[in-house]
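The next block holds one structure in the form of structure tokens; read it before the comments.
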Amino acid sequence: MRAALAVLPMVAALGLAGCGGDADDRGTSGVTGTVTVFAAASLTESFRTLGRQFEDAHPGLRVTFNFAGSSALATQITQGAPADVFASAAPRNMATVTDAGAADGSPTVFARNQLVIAVPKGNPGRVTGLADLTRPGAKVALCAEQVPCGAAAAQALAAARVPLTPVTLEQDVKGALSKVTLGEVDAALVYRTDVRSAAAKVDGVEFPESAGAVNDYPVVVLKDAPNPTAARAFVEHVRSDRGRAVLTDAGFQPPTGS
């Protein structure tokens, strides 16, 4: 209970959303009040857009977000933090929630994401691949391995047989990206979507090993959702054609088989 109470101020203070909306959304009855979405940090920009669309489709409804590393969000949920929807950057962290019996139904994969090397604008270090990150004096940021972007990075580095020692391990992908934008490191392994969202400050360098470490993003309504009707409608919006368009524009890939 103490852990759940500690999360409340943070959830209330985090991002709001509010523009656009599908015709199907407008036909959904009973979608009122507040819907609280716990979402992976890499979803920040696209989910804020989806939240604005959803709010506009349902006047008076409010969407609040808690963006953080998927592992931290899963822990908060299993410790009782009040939330309606959980969107994870990897199935492993979603399994923490489903195994605890905190999900209402089975999660659905709604997007995929792939790693790139983020470098300062113009790529002054002329980075072309993972091996370049091991040059003497090179400073690289990674996500911690319990975070989906960190697990994917570890898999890609192992496939490339690159013994990379980072100067920092961040708790979410936005933390790793910020080390590049602030000039504290020469490069970071982040998602393609994160590089696109920070295109004014960084460039992305594709590397072949990332193809074997693509992350699936599952979403689910939570069992103890305070607003289950709005939660289900929000998940439907994420999975709708309009939601897919927002995610694709942000650089996400569609789920396998779609």
Side-chain angles (χ1 to χ4, degrees), residues 39-46 67-75 88-96 111-218 247 250-253 256:
S42 51
L43 291 165
T44 300
E45 293 80 14
S46 54
F67 294 111
S70 295
S71 57
L73 296 174
T75 298
S88 173
R92 183 179 72 175
N93 305 101
M94 179 61 76
T96 299
R112 310 184 83 208
N113 214 349
Q114 193 163 339
L115 294 178
V116 298
I117 304 169
V119 296
K121 198 68 180 174
N123 192 5
R126 298 183 181 180
V127 173
T128 61
L130 292 178
D132 293 333
L133 304 183
T134 64
R135 293 171 182 163
K139 294 184 289 185
V140 180
L142 297 179
C143 297
E145 278 202 47
Q146 70 267 25
V147 182
C149 61
Q155 186 175 343
L157 289 166
R161 298 183 180 180
V162 173
L164 178 62
T165 301
V167 296
T168 181
L169 291 171
E170 299 299 313
Q171 293 307 306
D172 63 55
V173 71
K174 295 299 186 186
L177 180 66
S178 71
K179 295 297 182 180
V180 180
T181 61
L182 293 172
E184 296 178 9
V185 299
D186 303 304
L189 292 186
V190 302
Y191 294 120
R192 183 180 291 157
T193 53
D194 296 295
V195 167
R196 184 171 296 191
S197 71
K201 297 181 178 179
V202 302
D203 286 332
V205 178
E206 302 277 350
F207 59 98
E209 296 83 3
S210 68
V214 179
N215 279 5
D216 287 330
Y217 280 55
L247 292 162
F252 287 96
Q253 301 169 25
T256 302

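Throughout, numbering of the chain's residues begins at 1 and tracks the sequence. As the structure is a prediction and not an experimental result, all values here were calculated from the model.
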Going through the checks in order, is the side-chain contact (heavy atoms from CB on, under 4.5 Å) test met by Thr128 and Asn123?
-> CA-CA 9 Å; Thr128 61; Asn123 192 5; 5.7 Å; no

Output all residues satisfying side chain to side chain donor-acceptor pair (under 3.5 Å) with Asn215, sequence neighbours left out; order by chain, then residue number.
-> Tyr191

So which heavy atom on Leu177 is nearest to which on Val190, and how close?
-> N-CG1, 3.9 Å

Across all chains, not counting sequence neighbours, the salt bridge (charged side-chain N to carboxylate O under 4.0 Å, His left out) partners of Arg92 are none

With sequence neighbours excluded, tell me which residues meet side chain to side chain donor-acceptor pair (under 3.5 Å) with Thr193.
-> Asn113

Expected output: side-chain Ser70 to main-chain Ala89 donor-acceptor under 3.5 Å = yes

Indicate the atoms forming the closest heavy-atom contact of Ile117 with Ala187, along with that distance.
-> CG2-CB, 3.9 Å

Side-chain polar contacts of residues 141-163 - donor-acceptor pairs under 3.5 angstrom, sequence neighbours left out - could you list them?
from   : atom 1 : to     : atom 2 : distance (Å)
Gln146 : NE2    : Gln171 : OE1    : 3.2
Gln155 : NE2    : Gly212 : O      : 2.7

Here the side-chain hydrogen bond (donor to acceptor under 3.5 Å, both in side chains) pairs for residues 198-210, sequence neighbours left out, are Gln114-Ser210, Lys121-Asp203, Arg192-Glu206

With sequence neighbours left out, what residues match Thr134 under side chain to side chain donor-acceptor pair (under 3.5 Å)?
-> none

Min side-chain heavy-atom separation Val167-Val185 under 4.5 Å | yes

Can we say Asp186 and Lys139 salt-bridge, meaning some charged N sits less than 4.0 Å from an Asp/Glu carboxylate O?
-> no

Return the minimal non-hydrogen interatomic distance between Val119 and Val205, and the atom names on each side.
-> CG2-CG2, 4.1 Å

Residues at least two apart in sequence or cross-chain that pass side-chain contact (heavy atoms from CB on, under 4.5 Å) with Ala95, listed by chain then number, are Thr98, Asp99

Taking only residues two or more places apart in sequence, or in another chain, which ones meet Asp172 in a salt bridge (charged side-chain N to carboxylate O under 4.0 Å, His left out)?
-> none

From Asp194 CG over to Thr44 OG1, what is the distance, rounded to the nearest 0.5 angstrom?
-> 8.0 Å

After noting the C-alpha distance and the side-chain angles of Thr96 and Thr75, does the key distance pass the side-chain contact (heavy atoms from CB on, under 4.5 Å) rule?
-> CA-CA 8 Å; Thr96 299; Thr75 298; 5.6 Å; no

Decide side-chain contact (heavy atoms from CB on, under 4.5 Å) for Ser42 and Tyr217; before the verdict, give the C-alpha distance in whole Å, the side-chain angles of both, and the deciding distance to 0.1 Å.
-> CA-CA 10 Å; Ser42 51; Tyr217 280 55; 2.7 Å; yes

What pairs of residues pass the salt bridge (Lys or Arg N to Asp or Glu O under 4.0 Å) test when at least one of them lies in residues 127-136, not counting sequence neighbours?
-> Asp132-Arg135

Kindly compute the distance separating CZ (Phe207) from CG (Leu115), expressed to the nearest 0.5 Å.
-> 5.0 Å

Residues 158-207 vs disulfide bond (SG atoms under 2.5 Å apart), sequence neighbours excluded, gives none

For Ser197 and Lys174 the tightest heavy-atom approach is OG-NZ, 3.5 Å

Which pair of heavy atoms, one from Asn93 and one from Ala74, lies closest together, and at what distance?
-> O-CB, 3.5 Å

Can you name the residues that form a side-chain contact (heavy atoms from CB on, under 4.5 Å) with Arg196, not counting sequence neighbours?
-> none

Pairing residues for Ser46 by the side-chain contact (heavy atoms from CB on, under 4.5 Å) criterion, not counting sequence neighbours | Leu43, Val246, Leu247, Ala250, Phe252

Which atom names give the shortest non-hydrogen contact between Val195 and Gly204, and what distance separates them?
-> CG1-N, 3.5 Å

